[in-house]
Amino acid sequence: MELNEKQKNLDCRYLRMARIWSENSYCQRRKVGALVVKDKMIISDGYNGTPSGFENICEDDNNVTKPYVLHAEANAITKLARSSNNSDGSTLYVTASPCIECAKLIIQAGIRRVVYGEQYRLDDGIKLLKRAGIDVEFIDVSTI
């Protein structure tokens with residue numbers, strides 16, 4: 001098996017794991033999961049939801065996401081800040097393409113590669129990641 005095929009298999013496995021991790025989210029509209037992997041080890045994880053200590057309700061009475069809900073990527077990156085790990089040179093696996101705000105965090109965290117499984121209606125986050133020289137790869141989650 002060539003290296004590219006081996007990496008693609010790993011990418012699919014980690015993306016499936018991120019999808020399973022998204023099931024921890026209390027959000028109703030969209031559940032998103034993220035894993036940060038470095039040297040084939042998961043060093044952080046996250047899913048979208050409210051900040052620690054808040055009620056686990058992501059949407060208001062009109063089914064609009066509350067403005068303080070954290071994205072999965074932000075949760076995974078901020079969790080790293082509270083650990084002894086660092087994300088320099090790591091890969092982020094996320095079930096949905098990052099928004100522009102999360103893209104800025106990804107760049108600043110030193111993450112070098114992003115693999116995502118669903119296209120979001122806005123692509124400004126992906127464009128910013130590419131502009132920063134981060135390798136970005138889409139794997140259609142419906143195929144894995």
Side-chain angles (χ1 to χ4, degrees), residues 1-59 63 65-144:
M1 180 186 298
E2 72 178 61
L3 183 62
N4 288 344
E5 187 66 27
K6 192 173 186 179
Q7 183 63 56
K8 181 154 175 67
N9 287 338
L10 276 174
D11 289 345
C12 289
R13 286 185 193 115
Y14 284 125
L15 204 50
R16 283 195 307 269
M17 291 169 74
R19 187 169 52 190
I20 289 166
W21 198 245
S22 75
E23 295 171 13
N24 288 316
S25 173
Y26 287 91
C27 296
Q28 300 300 311
R29 293 180 60 223
R30 169 176 259 178
K31 295 178 183 294
V32 180
L35 298 176
V36 180
V37 176
K38 186 174 181 178
D39 301 324
K40 295 185 183 174
M41 290 187 340
I42 297 169
I43 60 170
S44 191
D45 54 60
Y47 50 87
N48 56 328
T50 57
S52 298
F54 282 64
E55 75 289 346
N56 287 322
I57 301 169
C58 298
E59 294 85 12
N63 202 31
T65 301
K66 294 178 180 178
Y68 51 84
V69 168
L70 289 158
H71 290 184
E73 307 95 312
N75 265 327
I77 290 168
T78 56
K79 190 184 274 189
L80 276 167
R82 296 177 73 171
S83 77
S84 60
N85 290 316
N86 78 67
S87 50
D88 286 339
S90 64
T91 298
L92 173 74
Y93 294 90
V94 61
T95 57
S97 60
C99 70
I100 196 157
E101 293 301 319
C102 287
K104 290 188 271 185
L105 294 174
I106 292 164
I107 293 164
Q108 291 300 96
I111 294 168
R112 299 305 316 146
R113 189 165 174 261
V114 174
V115 179
Y116 67 99
E118 292 175 27
Q119 303 277 8
Y120 185 60
R121 60 182 170 81
L122 301 175
D123 65 349
D124 50 354
I126 296 298
K127 288 178 181 173
L128 186 64
L129 291 172
K130 289 180 179 178
R131 181 176 170 195
I134 293 173
D135 293 329
V136 178
E137 188 168 343
F138 169 69
I139 297 176
D140 187 350
V141 290
S142 67
T143 65
I144 59 173

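Each residue takes its place number in the sequence, starting with 1.
In terms of modelled atom types and a separation under 3.5 Å, the side chain of S25 and the main chain of V32 share no donor-acceptor contact. Put simply, the side chain of Y47 never gets that close to the backbone of Y26: no donor and acceptor are under 3.5 Å apart. A donor-acceptor contact shorter than 3.5 Å is absent between the side chain of R112 and the backbone of S87. Formation of a donor-acceptor pair under 3.5 Å by the T95 side chain with backbone atoms of R19 is not found in this model. In terms of modelled atom types and a separation under 3.5 Å, the side chain of K31 and the main chain of C27 share a donor-acceptor contact. Between the side chain of S44 and the backbone N or O of I77 there is no donor-acceptor pair closer than 3.5 Å. Side-chain atoms of N48 do not come within 3.5 Å of backbone N or O of V69 as any donor-acceptor pair. No donor-acceptor distance shorter than 3.5 angstrom exists from the side chain of N9 to the backbone of K6, with no hydrogens or angles considered.
The CZ atom of R29 lies 6.5 Å from the CD atom of E59; values are rounded to the nearest 0.5 Å. The distance from atom CG of L70 to atom CG of N75, rounded to the nearest 0.5 Å, is 4.5 Å. In this structure, CD1 on I139 lies 6.0 Å from CG on L15, to the nearest 0.5 angstrom. One distance of note links NE2 of H71 with OG1 of T78; it measures 12.5 Å at 0.5 Å rounding. Annotation: the span from C58 atom SG to N63 atom CG amounts to 11.0 Å, rounded to 0.5 Å.
With a 4.5 Å cut-off on side-chain heavy atoms, T91 and Y14 do not count as touching.
For residues 71-96, the pairs satisfying salt bridge (charged side-chain N to carboxylate O under 4.0 Å, His left out) are D45-K79, with sequence neighbours left out. Within the structure, the salt bridge (charged side-chain N to carboxylate O under 4.0 Å, His left out) test picks out the following pairs touching residues 123-144 (sequence neighbours left out): R113-E137, D123-K127.
One finds no salt bridge joining E5 and K8 here, because no Lys/Arg side-chain nitrogen approaches an Asp/Glu carboxylate oxygen to under 4.0 Å.
Heavy atoms from other residues, nucleotides or ligands lying under 6.0 Å from CD of Q108 number 12 at most.
The shortest heavy-atom contact between G125 and A103 is O-CB, 3.5 Å.
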